[in-house]
Amino acid sequence: MILLLKSLSTPIVWILLLLSASILLSRKRRKQLSLKVGWYFLVAGTAILFLLSLEPVSDTLVYLLEKQYPPALQETISEVDVVVILGGGVLPSGGLRAVAEPSEATYSRVVNGVEYFKQTGAQYLIVSGGAGPSGGETNAEVMKRLAIQLGVSADRILMEPCASTTWEHPEEVAKLIDEPRDTVVVDIVTSALHMKRSMMVFERYFSRVVALPSGYLNDPIRWEIRSFIPSAEALSTSTTMFHELIGLAWYYVRTFLTNIPQ
């Protein structure tokens, strides 16, 4: 059910629904009101598709969330007990792919997370994330393998292979940390766009949480002719932004309704 709702909560689905509704309503030629409403749906769907596919629009949208978490300062990085990298998906093995690989988001998080870890006095690095919908290797396994390749000793890496959503990460990570929740300093590494939602749930479990953002999607707006030509990349960025906004709204409601397990 959750996967179905996630699939439906994207702009491309809304646009297709509007366009489909416009076609159905426009077929009722004898009903002037239906024809008029169908025309409105057609214009709305086309306008939304056009706007969300423009680089200036997509860059502005992601900037609204990413600006809240600028790159971490060195003094912030130095005072930490544990660094936690949140998984962002894996490409499962099978077909032409011999072994599972990190997704683009996961790769960015691990590369930046390892760099942060090397700059801190953290005792250990936690890689958190379960398997995807199709099963196979977990995010944690794939991230650990990459972290070792980047120079982190295997005995300093702890795996949390159970969490399948952002909501589940802190509860599962807390099981691996022996220090009291009100004193341990936990650094969270995830995509900048995903950071606000991650901080929201981790601050429910730990008193001292530090944001270490990675993988910024925002680029300075370029007022060029090609910037106003719709692109699939811009639409993908806008879709990611709306997915995050819907996730935030749901987490605000869920936080209000849910107690923290002790």
Side-chain angles (χ1 to χ4, degrees), residues 2 65-66 68-89 105-106 108-110 112-131 138-144 146-147 152-215 244 247-262:
I2 293 178
L65 276 184
E66 292 185 339
Q68 301 177 46
Y69 295 97
L73 301 175
Q74 182 59 46
E75 53 265 30
T76 302
I77 298 174
S78 59
E79 299 179 0
V80 56
D81 296 312
V82 55
V83 174
V84 180
I85 305 177
L86 307 185
T106 299
S108 173
R109 295 177 189 183
V110 175
N112 285 275
V114 167
E115 185 62 29
Y116 285 134
F117 181 70
K118 291 178 179 179
Q119 297 176 37
T120 70
Q123 302 174 37
Y124 43 87
L125 174 70
I126 295 179
V127 287
S128 176
T138 64
N139 278 253
E141 291 172 314
V142 174
M143 289 193 292
K144 179 178 180 178
L146 178 57
V152 180
S153 176
D155 59 6
R156 297 187 68 189
I157 302 175
L158 299 180
M159 288 200 305
E160 183 292 290
C162 298
S164 58
T165 65
T166 303
W167 186 266
E168 296 173 358
H169 280 301
E171 181 177 359
E172 297 298 331
V173 166
K175 298 174 183 178
L176 301 177
I177 298 177
D178 296 328
E179 293 85 345
R181 294 185 188 178
D182 58 344
T183 59
V184 64
V185 181
V186 179
D187 281 16
I188 305 303
V189 182
T190 188
S191 305
L193 192 64
H194 180 240
M195 185 59 76
K196 186 174 181 65
R197 188 153 53 110
S198 301
M199 290 292 287
M200 180 193 302
V201 293
F202 269 87
E203 287 175 342
R204 298 175 69 241
Y205 284 81
F206 302 98
S207 299
R208 305 175 67 186
V209 184
V210 179
L212 300 179
S214 67
E244 201 57 41
L248 273 170
W250 167 234
Y251 277 23
Y252 275 120
V253 173
R254 197 170 179 181
T255 297
F256 179 76
L257 298 175
T258 309
N259 294 321
I260 305 173
Q262 300 298 321

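Remember, it's a predicted structure, so these values are computed and weren't measured experimentally. Residues take their numbers from the sequence shown, with the count starting at 1.
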Quick one: does [X]'s side chain have a donor or acceptor within less than 3.5 Å of a partner on [Y]'s backbone?
| X | Y | result |
| --- | --- | --- |
| Y116 | P213 | yes |
| R156 | A122 | yes |
| S108 | A105 | no |
| E172 | E168 | no |

Side chains of [X] and [Y]: do they bring a donor and an acceptor to under 3.5 Å?
| X | Y | value |
| --- | --- | --- |
| S191 | R109 | yes |
| T166 | H194 | yes |
| E179 | T183 | no |

Are [X] and [Y] close enough that some pair of their side-chain heavy atoms sits under 4.5 Å apart?
| X | Y | value |
| --- | --- | --- |
| F202 | L86 | yes |
| L176 | I126 | yes |
| L248 | L65 | yes |
| V110 | N112 | no |
| M143 | L146 | no |
| I188 | V209 | yes |
| V210 | V185 | yes |
| T255 | R204 | yes |

If you measure from [atom1] on [X] to [atom2] on [Y], what distance do you get to the nearest 0.5 Å?
| X | Y | atom1 | atom2 | result |
| --- | --- | --- | --- | --- |
| D187 | L125 | CG | CG | 11.0 Å |
| Y205 | E171 | OH | CD | 4.0 Å |
| N139 | C162 | CG | SG | 12.0 Å |
| M200 | R254 | CE | CZ | 12.0 Å |
| L158 | K175 | CG | NZ | 14.5 Å |
| M195 | E244 | CE | CD | 10.5 Å |

Looking only at non-hydrogen atoms, find the nearest pair between [X] and [Y] and report the distance.
| X | Y | result |
| --- | --- | --- |
| A163 | H169 | CB-ND1, 3.6 Å |
| T190 | S198 | CG2-OG, 3.7 Å |
| S214 | V189 | OG-CG1, 4.4 Å |
| M199 | A211 | SD-CB, 3.9 Å |
| G88 | T106 | N-OG1, 2.8 Å |
| P170 | F206 | O-CE1, 4.1 Å |

Run the side chain to side chain contact (heavy atoms under 4.5 Å, CB included) check on Y124 and I177 step by step: do they pass? CA-CA 10 Å; Y124 43 87; I177 298 177; 4.1 Å; yes
Does R197 count as lying over the ring of Y251, i.e. NZ or CZ under 6.0 Å from the six-ring centre, within 45 degrees of the axis?
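So R197 does make the cation-pi contact.
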- Query: Salt bridge or not for K144 and E141, using N-O below 4.0 Å?
  - Reply: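 Salt bridge: no.
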